[in-house]
> 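One structure coming up, written as structure tokens, with questions to follow.
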Amino acid sequence: MTTAVQSIEQFADAYLSALESRDLDGVLALFAEDGQVHSPLYGPRPAEQFYTQLFEDSYSSSLTLIGTMSGSAVDGDPLVSLWFYYDWTLADGTSAPFDVVDVFQFDEEGKAKRLYIVYDTVEVRAAFEASTGGESYRAGS
């Protein structure tokens, strides 16, 4: 698998390190210019908009990689999934931890063109909405 870095392990390390340290430039360097993120709380957004808002809504996070997976989409695009524990603290200090799988779809240059974030929001959603003072994304509404 060819990505913006040499291996899945290097990609996972670069992504999780940038995410944990709230390094916007570091995260965006892994995405195509028109990269999109599909999040259960924020909905579909351009990567820059998603990470800017996520970092504003975060006080801190600690990430623990559990595993990686790779494969391909039906159209042949490479896919990489990162399964990790996201110990998230919201901007107001509220703890909102969860297990998550981030599924990345890559373009021909090895940049992430889509990210699909998958996790159970049953407990996180209420904490997120209370912390941000707004409603989170809900598909179909």
> Checking the side chain of T121 only, and the main-chain atoms of V124 only, is there a donor and an acceptor separated by less than 3.5 Å?
no
> Taking NZ, NE, NH1 and NH2 as the nitrogens, is one of them in K113 or D77 under 4.0 Å from a carboxylate oxygen of the other?
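A salt bridge links K113 with D77.
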> Between the side chains of S58 and W88, does any donor sit under 3.5 Å from an acceptor?
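Side-chain D/A pair, S58 to W88: present.
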> Decide whether L41 and L63 are clustered together by the hydrophobic rule: side chain heavy atoms of Ile, Leu, Val, Met, Phe, Trp, Tyr closer than 4.5 Å, transitively.
yes
> Looking only at heavy atoms, what is the nearest atom pair of S131 and A91, with distance?
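Shortest heavy-atom separation between S131 and A91 comes out as OG-N, 4.2 Å.
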> Within a radius of less than 6.0 Å around CD of Q49, do more than 12 heavy atoms belonging to other residues, nucleotides or ligands occur?
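More than 12 within 6.0 Å, yes.
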> Would you find a donor on one side and an acceptor on the other, under 3.5 Å apart, between the side chain of R45 and the backbone of Y42?
yes
> A quick test of your reading: do over 12 heavy atoms of other residues, nucleotides or ligands sit less than 6.0 Å from CD of E48?
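Counting other residues, nucleotides and ligands, CD of E48 stays at 12 neighbours or fewer.
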> Examine the side chains of T132 and D57 and answer whether a donor and an acceptor come within less than 3.5 Å of each other.
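Judged by distance alone, the side chains do not pair up.
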> Could you tell me how the ring of Y119 sits relative to the ring of F98: parallel (under 30°), tilted (30 to 60°) or perpendicular (over 60°)?
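Plane angle under 30°, so parallel.
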> Hydrogens and angles aside, do E20 and S61 bring a side-chain donor and acceptor to less than 3.5 Å of each other?
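Their side chains do not contain a donor-acceptor pair, so the 3.5 Å distance test is not met.
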> Does one hydrophobic cluster hold both Y116 and M69, with members joined at side-chain heavy-atom distances below 4.5 Å?
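As far as the 4.5 Å side-chain criterion goes, M69 and Y116 are connected within one cluster.
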> Take atom CD of E129 as the centre, draw a 6.0 Å sphere, and report whether it contains more than 12 heavy atoms from other residues, nucleotides or ligands.
yes
> Do F50 and L24 land in one hydrophobic cluster if side-chain heavy atoms of ILVMFWY residues count as linked below 4.5 Å?
yes
> Evaluate the side chain to side chain contact (heavy atoms under 4.5 Å, CB included) criterion for residues V27 and Y15: first the C-alpha distance (whole Å), next the side-chain angles of each, then the deciding distance (0.1 Å), finally the verdict.
CA-CA 6 Å; V27 170; Y15 177 70; 4.3 Å; yes
> For residues Y85 and Y59: do they belong to one hydrophobic cluster (side chain heavy atoms under 4.5 Å, members Ile, Leu, Val, Met, Phe, Trp, Tyr)?
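No, because Y85 and Y59 fall into different hydrophobic clusters, even though each may have its own neighbours under 4.5 Å.
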> Side chains of T94 and D92 only: does a donor on one sit below 3.5 Å from an acceptor on the other?
yes
